[in-house]
Amino acid sequence: MEFELAEEHRMLKDLVARFVKDELLPLEPEVLKREAEGLGLGIGREAHARLDEVSKSLGLWGLDAPEDIGGSDLPAVAMVGVEEELGRTVTPYTLPPDSPNLRMLRATVNERQKEAYLEPYVRGETVSAIGISEPGAGGDPAGMITRAVRDGEDWVINGRKIWISRAADADFTILMAVTDREKGARGGISAFLVDKGTPGFNVVRPIPMVGGAVTYEVLLEDCRVEGWKLLGTEGQGFAPMQLRLGTRRVQMAAWSVGMAQRALDMICEYAPQRTTFGQPLSQRQAIQWWVADAATKIHAARLMTYDCAWKLDQGRDVRLEISMIKAFATEMAWEVVDHAMQTFGAMGMTKELPLQLMASKLRTMRIYDGPTEIHKWVVARNLLGSKR
Ligand SMILES: Cc1cc2nc3c(=O)[nH]c(=O)nc-3n(C[C@H](O)[C@H](O)[C@H](O)COP(=O)(O)OP(=O)(O)OC[C@H]3O[C@@H](n4cnc5c(N)ncnc54)[C@H](O)[C@@H]3O)c2cc1C
């Protein structure tokens, strides 16, 4: 049994750690200021372009993209290290291309779609979104009712999607729709590539979320999509969508470990300096137990996440592990960040420290890509059997 990252993956993790320290952390004060002023989460075009330049020059693009189109095709374990480091900062920056849609595209594209969508996406030229959730179907996507119907060579889509991140900006959205009502999730849901500006793809409103994030509601009104933009096999969209969701969930677990580690580091730095009633906070058992519990749970979450990624790389079925780490790591980090905020007292309540933004991010992470309770239900159902 080997619990260490391979040398080259550890070096990559260190490189990302340096990128975070030198490039992303210095931007945090500005990120916090903008968010506090109600301007949302962002870094501005100029800073974004600079980060793209630096990260590209460091070889940090396309880390898990196929080698034949310029990627490094790194395994999931290597990506966990990368995401853990990125999780340490609240500066919103994603190394192109974002892994979840990449994984879904890799699993489904044909030659034409590869050239038109996957390759520009890997080159960092396009932004994508995923449209699964609907007003009546979020945690249970099998309940979606958005319908795609064949019309000659094309597909015509009608329905409504909600909570869609990046829907207004994305160059294309991978849109999930029902193509066979009878079959539903078992052979009746398909994925489509819908380009920005397609008539009938109407982004009807931005929805401000906690922590400065924004999602969108999208109304699909006779949205006509050319036949070749059906992604993968008709009716078989659910499995690649689950692959996509699984990729995000592993990523989220790694981010949570990074965030919790940063919060713990902040407690450990601050607690010895702050004196109340004649003693430093680090001498108080309440704080010591938070530190010990945080270190223990971070260690557990990190090992669980690497274990899951390793099994994924071996081609094993990790549905259960993914539900476990998504729920455990996000809830763990939520608790650790909360304890860090408590340790800092009033300072922990300010918008000058990153802790409140970490808490807001984690608050949404406990919901998106499946709320905690649903993942626990999945684990329990698997152990107990669905009939008990
Ligand atoms: C910031 C953010 C970004 C998002 N981005 C996207 C996106 O880009 N694309 C997209 O398609 N969607 C996106 N979503 C939607 C997200 O994936 C869904 O909100 C999520 O899956 C939950 O669905 P729901 O809101 O309909 O909650 P519901 O499914 O209605 O669940 C509500 C609550 O009921 C409880 N519950 C439900 N089922 C069970 C169960 N079986 N057992 C126990 N308890 C249960 C849980 O506590 C749950 O929180 C985003 C959401 C957020 C918050």
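All ligand and atom numbering here is 1-based and tracks the order in the structure. These numbers were taken from a predicted model, which means no experiment stands behind them.
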Item to check | Thr364 (side chain) donor-acceptor with Lys361 (main chain) under 3.5 angstrom | outcome: yes

Enumerate the pairs of nitrogen or oxygen atoms, one from ligand 1 and one from the protein, separated by less than 3.5 angstrom; state names and distance to 0.1 Å.
residue  : atom   : partner : partner atom : Å
ligand 1 : 5 (N)  : Trp163  : O            : 2.8
ligand 1 : 5 (N)  : Ser165  : OG           : 2.9
ligand 1 : 8 (O)  : Ser165  : N            : 3.0
ligand 1 : 8 (O)  : Ser165  : OG           : 3.3
ligand 1 : 9 (N)  : Ile130  : O            : 2.9
ligand 1 : 11 (O) : Ile132  : N            : 2.8
ligand 1 : 11 (O) : Ser133  : N            : 2.8
ligand 1 : 11 (O) : Ser133  : OG           : 3.2
ligand 1 : 12 (N) : Ser133  : OG           : 2.7
ligand 1 : 14 (N) : Trp163  : O            : 3.4
ligand 1 : 17 (O) : Asp369  : N            : 3.4
ligand 1 : 23 (O) : Gly139  : N            : 2.9
ligand 1 : 26 (O) : Gly138  : N            : 3.4
ligand 1 : 29 (O) : Gly139  : N            : 2.9
ligand 1 : 47 (O) : Glu373  : OE1          : 2.8

Next on the checklist: Would you say Tyr93 and Ser55 are linked by a side-chain donor-acceptor pair, where the criterion is simply a distance under 3.5 Å?
Outcome noted: yes

Checklist entry - Do you know which of Leu230, Ile157, Leu231 makes side-chain contact (heavy atoms from CB on, under 4.5 Å) with Ser190? => result Leu230

Next on the checklist: Arg302: which residues meet the side chain to side chain donor-acceptor pair (under 3.5 Å) condition with it, sequence neighbours left out?
Outcome noted: Glu84, Gln261

Next on the checklist: Keeping Arg316 on the side-chain end and Cys308 on the backbone end, is there a donor-acceptor pair under 3.5 Å?
Outcome noted: no

Checklist entry - Do other residues, nucleotides or ligands put more than 12 heavy atoms under 6.0 Å from the CD atom of Glu46? => result no

